[in-house]
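First the structure, in the form of structure tokens, and then the observations on it.
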Protein chains: 2
Amino acid sequence: MTTAQQSAPSAPAGLRERKKRRTRDALLRAALVLFVSQGYEQTTVDEITEAVDVSQRTFFRYFANKEEAAFAVQDLVEQHFVAALRARPAAEGPLLAMRNAVLCSWATVGEAIAEMVPVDLYMRTYQLIESTPALLAVHLRRSTELEEKIARLIAEREGLDVEADPRPRVAVAAFSGVMRVTGRLWGQGEDTSVEAIRRLTERYLDQIAPALAADWR
Amino acid sequence: MTTAQQSAPSAPAGLRERKKRRTRDALLRAALVLFVSQGYEQTTVDEITEAVDVSQRTFFRYFANKEEAAFAVQDLVEQHFVAALRARPAAEGPLLAMRNAVLCSWATVGEAIAEMVPVDLYMRTYQLIESTPALLAVHLRRSTELEEKIARLIAEREGLDVEADPRPRVAVAAFSGVMRVTGRLWGQGEDTSVEAIRRLTERYLDQIAPALAADWR
DNA sequence: TGTGAACTGTCAGTCGCTGTCAATAGCCTG
DNA sequence: CAGGCTATTGACAGCGACTGACAGTTCACA
């Protein structure tokens with residue numbers, strides 16, 4: 001309801017719709033640029049709306065709150081991952097399916113992002129999220145919502161009941177715990193390329209089994 | 001720096017100190033009672049300070065923000081867990097040590113909590129945190145900070161370098177992912193006893209290995 | 001006992017966010 | 001194409017979280 005109205009970006013639609021879309025895009029871009037350049041909390045909603053020349057009230061008609069603007073692109077990335085996971089063949093086990101879904105989706109999200117904002121603006125936004133406590137908090141809450149969705153998806157794939165069998169949630173929890181660690185490390189490192197996070201992810205996912213062994217020596 | 005000044009609760013100290021402590025305790029208790037009875041966002045800082053009869057400014061001298069009051073007890077619980085983990089014999093492997101630390105610490109936190117607030121007030125506060133988006137977000141951020149601390153502790157136990165070897169972070173990520181799931185399920189369920197979360201935890205932790213198997217069938 | 005420091009209250013102001021209401025501008029029907 | 005309908009917007013007022021500045025009290029300690 002809140003999301004997914006930017007789905008058909010090429011639909012001509014009426015003048016009204018196009019105007020709305022332009023306003024939203026302008027607000028989003030202005031917000032991200034300001035956030036990235038001077039910090040999230042240092043950026044006032046008034047500054048954003050002044051940059052786009054609309055009233056403050058209008059900003060809040062497009063975004064429920066200041067945070068929502070920061071996560072608009074992230075939202076798209078997550079939907080992309082879910083779609084990739086759905087596309088995995090049923091023969092793949094849960095962990096392998098999730099692993100392949102991340103690796104695959106990264107290969108293609110780029111274009112989807114570029115339709116909204118420049119890709120490197122998104123990269124810097126992600127790093128900002130990781131390094132701004134208030135945004136990080138929201139990011140983590142959103143992540144758990146996504147986890148729940150994924151757990152249900154995995155359960156469905158395996159023909160299980162999420163409430164009865166702990167394995168779907170446990171597997172997803174372990175998997176996304178690792179994903180969050182890599183996300184954080186990537187945000188802190190200096191190599192911001194997609195290749196970098198890809199390598200990091202593979203390396204860390206490979207360590208799940210060894211890390212859970214009773215004895216590491 | 002922000003924490004751990006309630007460490008020596010029996011120290012007589014000066015009149016000033018005792019007065020401060022009483023004010024803080026009163027504010028904390030009033031805040032929690034109001035939070036659980038009418039909701040976090042529905043509770044105004046003014047209401048809290050009126051209940052204790054101090055100025056609003058004073059509240060913000062004891063708590064950096066409204067949230068901090070909600071997490072004061074949680075803070076203590078987490079310190080308790082870390083202490084329990086430190087006390088585990090070096091012979092125990094990482095996962096086993098963490099598992100025993102949680103189970104052990106639950107057996108004794110009760111008293112520590114009771115020195116600050118009634119235990120069942122804490123229970124209801126925890127459920128409130130889990131069910132209030134704004135608080136849940138902060139809770140998750142705090143959790144990742146704790147995870148980082150634990151990862152370093154585990155690495156130390158095993159004589160490893162956290163930055164070089166992914167296993168400590170991966171193990172902790174998997175472990176606490178599971179802990180969060182159980183915490184959430186416990187908050188949603190109706191059995192709010194310590195016994196309940198203990199059982200839930202053991203059951204879910206036992207599923208880590210099976211859940212990460214390549215094939216569940 | 002007096003002096004400095006710690007606490008506190010008061011006041012004013014910023015910022016995120018919401019409700020209301022009137023004005024404007026695309027859209028659609030006759 | 002006129003005229004009305006409705007979506008979108010701007011202007012304004014107001015609430016609540018939070019902060020800085022200043023002044024008054026109260027404890028601690030020489």
Side-chain angles (χ1 to χ4, degrees), chain A residues 1-2 5-6 11-28 30-32 34-35 38-72 128-129 132-135 137-138 141, chain B residues 1-2 5-6 11-28 30-32 34-35 38-72 128 132-135 137-138:
Chain A
M1 357 190 118
T2 314
Q5 56 219 48
Q6 73 279 11
L15 203 171
R16 212 171 216 160
E17 297 260 341
R18 270 177 290 146
K19 215 168 182 176
K20 257 176 74 175
R21 195 184 161 67
R22 243 180 297 147
T23 310
R24 192 196 134 98
D25 281 6
L27 278 170
L28 179 57
L32 295 190
L34 285 169
F35 289 167
Q38 56 182 351
Y40 174 74
E41 331 218 82
Q42 285 68 45
T43 302
T44 297
V45 175
D46 280 331
E47 285 180 279
I48 301 170
T49 56
E50 275 163 30
V52 183
D53 201 53
V54 296
S55 74
Q56 195 210 47
R57 197 68 184 82
T58 296
F59 177 90
F60 288 106
R61 290 202 176 95
Y62 283 98
F63 303 95
N65 43 49
K66 210 172 106 177
E67 295 151 10
E68 203 175 285
F71 288 98
L128 183 77
I129 290 174
T132 304
L135 292 181
V138 174
R141 174 170 52 79
Chain B
M1 359 195 116
T2 314
Q5 57 218 48
Q6 72 278 13
L15 202 172
R16 205 165 221 161
E17 297 262 341
R18 273 177 287 144
K19 216 167 182 180
K20 254 176 76 175
R21 196 184 157 68
R22 243 180 299 147
T23 309
R24 194 197 133 98
D25 281 6
L27 278 170
L28 179 57
L32 295 189
L34 286 169
F35 288 167
Q38 56 184 8
Y40 174 74
E41 331 218 82
Q42 286 67 48
T43 302
T44 298
V45 175
D46 281 331
E47 286 180 277
I48 301 171
T49 56
E50 276 164 31
V52 183
D53 202 53
V54 296
S55 76
Q56 195 210 45
R57 197 70 183 82
T58 296
F59 177 91
F60 287 107
R61 289 203 176 95
Y62 283 97
F63 303 96
N65 44 49
K66 207 172 107 177
E67 296 151 11
E68 204 175 284
F71 288 98
L128 183 77
T132 306
L135 291 181
V138 175

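Sequence lines set the chain letters: A, B, ... in the order given, protein chains first and strands last, and positions in each chain run from 1.
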Assign A/Phe63 to base, sugar-phosphate, or nothing according to its heavy-atom contacts below 4.0 angstrom with the strands shown.
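Since no nucleic acid heavy atom lies under 4.0 Å of A/Phe63, the category is nothing.
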Base, sugar-phosphate, or nothing for A/Phe59, non-hydrogen atoms under 4.0 angstrom?
nothing
Using OP1 and OP2 only, check whether a side-chain N or O of B/Tyr62 sits under 4.0 Å from C/dC7.
no
Taking side chain as C-beta onward, heavy atoms only, is A/Asn65 less than 4.5 Å from A/Glu68?
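A/Asn65 reaches A/Glu68 side chain to side chain.
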For [X] and [N], give me the distance from atom [atom1] to atom [atom2], rounded to whole Å.
| X | N | atom1 | atom2 | result |
| --- | --- | --- | --- | --- |
| A/Lys66 | C/dT14 | NZ | C1' | 12 Å |
| B/Leu27 | C/dC7 | CG | P | 14 Å |
| B/Phe60 | C/dG13 | CZ | C1' | 15 Å |
| A/Glu41 | C/dC15 | CD | C1' | 12 Å |

Taking atom [atom1] of [X] and atom [atom2] of [Y], what is their separation to the nearest 0.5 Å?
| X | Y | atom1 | atom2 | answer |
| --- | --- | --- | --- | --- |
| A/Ile48 | A/Phe35 | CD1 | CZ | 4.0 Å |
| A/Leu28 | A/Phe59 | CG | CZ | 9.0 Å |
| A/Lys66 | A/Leu135 | NZ | CG | 8.5 Å |

Test of understanding: with side chain to side chain donor-acceptor pair (under 3.5 Å), list the residues that count as partners of A/Gln38, not counting sequence neighbours.
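So A/Gln38 forms a side chain to side chain donor-acceptor pair (under 3.5 Å) with A/Thr43, A/Glu47.
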According to side-chain hydrogen bond (donor to acceptor under 3.5 Å, both in side chains), does anything in residues 50-64 of chain B pair up with another residue at least two apart or in another chain? List the pairs.
B/Ser55-B/Thr58
Mind running a 4.0 Å heavy-atom check of residues 46-54 of chain A against DNA chain D and sending the residues that fall below it, in number order?
A/Val54
Main-chain N/O of B/Glu67 paired to B/Tyr40 side chain as donor or acceptor, under 3.5 Å:
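Yes: the side chain of B/Tyr40 pairs with the backbone of B/Glu67.
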Is a side-chain N or O of A/Thr132 found less than 3.5 angstrom from the main chain of A/Ile129, in a donor-acceptor match?
no
Determine the minimum heavy-atom distance between A/Ala72 and A/Arg24, stating which atoms define it.
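Taking every non-hydrogen atom into account, CB-NH2, 3.8 Å.
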Summarise protein proximity over nucleotides 19-30 of chain C in one line of letters, 5' to 3': B for base, S for sugar-phosphate only, - for none, counting protein heavy atoms closer than 4.0 Å.
BB----BBS---
CA sep, side-chain torsions, deciding dist, call: A/Thr49, A/Val52, side-chain contact (heavy atoms from CB on, under 4.5 Å):
CA-CA 5 Å; A/Thr49 56; A/Val52 183; 5.9 Å; no
Non-neighbouring partners of B/Phe60 that pass ring-ring contact (aromatic ring centres under 6.0 Å, His included), sequence neighbours left out
none
For chain A and DNA chain D, what are the first and last nucleotides along the strand, 5' to 3', with at least one atom under 4.0 angstrom from a heavy atom of the protein chain?
D/dT6 to D/dA11
